[in-house]
Amino acid sequence: MSLYWNISFASHLAITQYNKVRFIGYAVPTTVSGLIPIGNVNGKGSVAGYFTGDSNLYQDMQARADILIHAIETANQRIQQHENNDVINVFVAPEFYFHGIYGPYLWNPDIQVDPINFLEDYLKYHLKDYHNWIFVCGTMVTLKTTDTLGDIFNQYNAQNAKAESTYGQYILNMLSGAYENATKSATALQNFIERYHLSTNLPIQNRAIVIDNINTSPFALSVQKRYISNEDLPVETTNDNYHVISEQISNYPEINLLHGDLKQSPNDPYSIFSIQFKASDTQDKGISNLAVETCLDHGNNRLRTNFKLNQHALQLREGGNSANIHIQLIPSAGMQIHANGVVADKNGFVFNVDGEYALTNTTGVDSLYLNYNGNEVALPFSSPDYPNGKYAYGAHSQLAEVSQTAKGDIPGIDNAEFISTQTLQSKIDTTVINLPYISNFTHYYGGGEGAIHIYGLNKPMALY
């Protein structure tokens, strides 16, 4: 962290006493409308679909922000009945919560400033009264370009044509029941996409937006996703009225992690940031470190493979104190907690909120989880995976507490261990608030209004 930003950030902190933590997830489907799965979308599969919303990107961002704020207000109305001043409320929304009619918000640097500045200011203003909350407001996808949409499509016409042809072969095979050939087409498409991720020159930014109200006037920062998957964007539209920036022409900018993943400035790409609080009347914990790791960044162990380097950087920054990450937050659209990616310290927390699918009892780690079952969409085929010819939108949240922190940088060796699900259930209560019908909601999201998942409404957990 640069000395200037560290001082300016810390100087206005009025240290407050916090002893407990509560986690709130907005489990809402954020994947494409009219979704057609290509292969296993919960593995390395891809999707086809389209995006709805407003053509004016500022109008669109504001509308989605207002839906998010309504969800937060709904959660707060219930929490206020059980609130204590010593509780930190950690709120997380899924990946891709903010997206435009083409997928990424397109903005021209010659005539516009980065739209993340508008969104951060809007959220800071409307969330300013939530004094003991930290918000991860999902992620926002943007594309900085001076090209028109037509220029972009013309530039990458060959890639799109090849992907569309392979996608068409997949659909024909599925319609004819040739599932083995369909699998081959899906695999070919996935391999094709991965190759073009390395060569395309259309850098999409996918950034998690954090509003930190702990001990401060609202303070905004963002964390940029490093790894692009096969399904962050659709390979093809399923509605000819809607154009899409496709997966096969997109990539994410490289992030240099040679010096660690600690934030140096609010909107740099890095992951780890800090809050100050007092743990009791007699003991000042000083600094607690949090990290945001979006979807495939967690699946590819972004934080774990830099574990020692990040610890060393934290020790240098804090003079030997608070070298560990205590809360690891994972906004996602197609991810869950993986033991080999967890870097939270002993008695630390890992919280995942996902906008793509519902979990099953095989969650990978000892944890608590809650599901949202959303709308169904008719597919043009049925298959062993979709025997009724429908795809069901879903979302989930998942919370784990670490009993033993990981050791070293190698995933799969000396992974973090977790408090048993049974013990966690005895420590914390879970609450589901299904959100009612929201007018015009389907103009922005196709999977349903979602639900609020609260972990610790009546029994918040000890922060340390």
Side-chain angles (χ1 to χ4, degrees), residues 26-53 60 64 67 93-103 138 141 163-164 166-177 179 182-183 185-186 189-190 229-247 295 332-335 354-360 371-396 434-451:
Y26 181 24
V28 58
T30 52
T31 48
V32 290
S33 296
L35 187 149
I36 294 179
I38 307 169
N40 180 6
V41 297
N42 292 330
K44 293 184 65 176
S46 303
V47 298
Y50 59 94
F51 301 98
T52 56
D60 189 272
R64 294 178 195 271
I67 293 171
E95 183 185 22
F96 302 122
Y97 184 83
F98 290 98
H99 60 266
I101 57 174
Y102 309 117
V141 282
E164 289 165 13
T166 309
Y167 164 67
Q169 293 172 13
Y170 174 84
I171 294 294
L172 288 174
N173 286 322
M174 292 297 285
L175 288 171
S176 63
Y179 301 129
T183 299
S185 296
L189 184 59
Q190 292 152 18
S229 77
N230 283 311
E231 56 180 21
D232 281 2
L233 293 166
V235 300
E236 169 66 346
T237 183
T238 55
N239 186 323
D240 290 337
N241 294 321
Y242 298 93
H243 299 289
V244 294
I245 301 292
S246 60
E247 183 68 35
C295 203
S332 66
M335 185 57 58
D354 183 85
E356 180 172 302
Y357 67 97
L359 285 178
T360 66
N371 285 327
Y372 170 74
N373 297 310
N375 298 335
E376 290 187 331
V377 59
L379 301 178
F381 53 77
S382 59
S383 72
D385 292 328
Y386 307 99
N388 63 353
K390 293 182 179 180
Y391 176 86
Y393 286 92
H396 73 255
N434 289 309
L435 292 170
Y437 168 80
I438 300 173
S439 176
N440 211 31
F441 184 89
T442 55
H443 183 61
Y444 301 99
Y445 306 97
E449 280 80 357

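Here the side chain of E231 pairs no donor or acceptor atom with the backbone of S46 at under 3.5 angstrom. Looking only at distances, no side-chain donor or acceptor of T237 sits under 3.5 Å from a matching main-chain atom of V244. Proximity of a side-chain donor or acceptor of Y444 to a complementary backbone N or O of D60 within less than 3.5 Å is not detected. For the pair S185 (side chain) and T166 (backbone), a donor-acceptor distance under 3.5 Å is absent. With T52 contributing its side chain and H443 its backbone, the two residues share a donor-acceptor pair below 3.5 Å. In terms of modelled atom types and a separation under 3.5 Å, the side chain of E449 and the main chain of I438 share a donor-acceptor contact.
Considering every non-hydrogen atom in both T30 and E95, the closest pair reads OG1-O, 2.7 Å. Scanning all heavy atoms of the two residues, the minimum distance from A182 to M174 falls at CB-SD, 3.5 Å. Across every non-hydrogen atom of P29 and G447, the tightest pair is CG-O, 3.6 Å. Here the closest non-hydrogen pair linking V28 and P94 is O-CG, 3.5 Å. Smallest separation of non-hydrogen atoms from G355 and A395: CA-CB, 4.2 Å. Across all their heavy atoms, G39 and Y170 have their closest contact at N-OH, 3.1 Å.
The aromatic rings of Y445 and H99 stand perpendicular to each other, their planes meeting at an angle above 60°, with 30° marking the opposite boundary. Between Y97 and Y26, the ring planes lie tilted relative to each other; the angle falls in the 30° to 60° range.
A distance of 9.0 Å separates CG of N375 from OG1 of T442, quoted to the nearest 0.5 Å. Annotation: the span from D232 atom CG to C295 atom SG amounts to 6.5 Å, rounded to 0.5 Å. Rounding to the nearest 0.5 Å places CG of N371 at 9.5 Å from CG of D354. Rounded to the nearest 0.5 Å, atoms OG1 (T31) and CG (L233) are 12.0 Å apart. A distance of 10.5 Å separates CG of L379 from CG of L175, quoted to the nearest 0.5 Å. The CD atom of E247 sits 5.5 Å away from the OG atom of S229 when rounded to the nearest 0.5 Å.
Centroid-to-centroid, the aromatic rings of Y372 and H396 stay 6.0 Å apart or farther. Ring centers of Y102 and H243: at least 6.0 Å apart, outside the cut-off. Taking the ring centroids of Y437 and F441, they lie at or beyond the 6.0 Å cut-off.
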Test side-chain contact (heavy atoms from CB on, under 4.5 Å) applied to I36 and Y391, step by step: CA-CA 7 Å; I36 294 179; Y391 176 86; over 6 Å; no
For side-chain contact (heavy atoms from CB on, under 4.5 Å), just list the numbers for V141 and F96, CA-CA rounded to whole Å, side-chain angles, deciding distance to a tenth of an Å, and then say yes or no. CA-CA 7 Å; V141 282; F96 302 122; 3.7 Å; yes
What verdict does the side-chain contact (heavy atoms from CB on, under 4.5 Å) test give for I38 and V47, after you've listed the backbone C-alpha separation in whole Å, the side-chain angles of each residue and the deciding distance to 0.1 Å? CA-CA 5 Å; I38 307 169; V47 298; 5.8 Å; no
Check against side-chain contact (heavy atoms from CB on, under 4.5 Å), S246 and V235: CA-CA 5 Å; S246 60; V235 300; 5.6 Å; no
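Between N173 and Y179, the closest side-chain pair of non-hydrogen atoms is not below 4.5 Å. Between S176 and F381, the closest side-chain pair of non-hydrogen atoms is not below 4.5 Å. Counting only heavy atoms from C-beta outward, the side chains of F51 and N239 never approach each other to under 4.5 Å.
In D240, the CG atom is not crowded: 12 or fewer heavy atoms of neighbouring residues, nucleotides or ligands sit closer than 6.0 Å.
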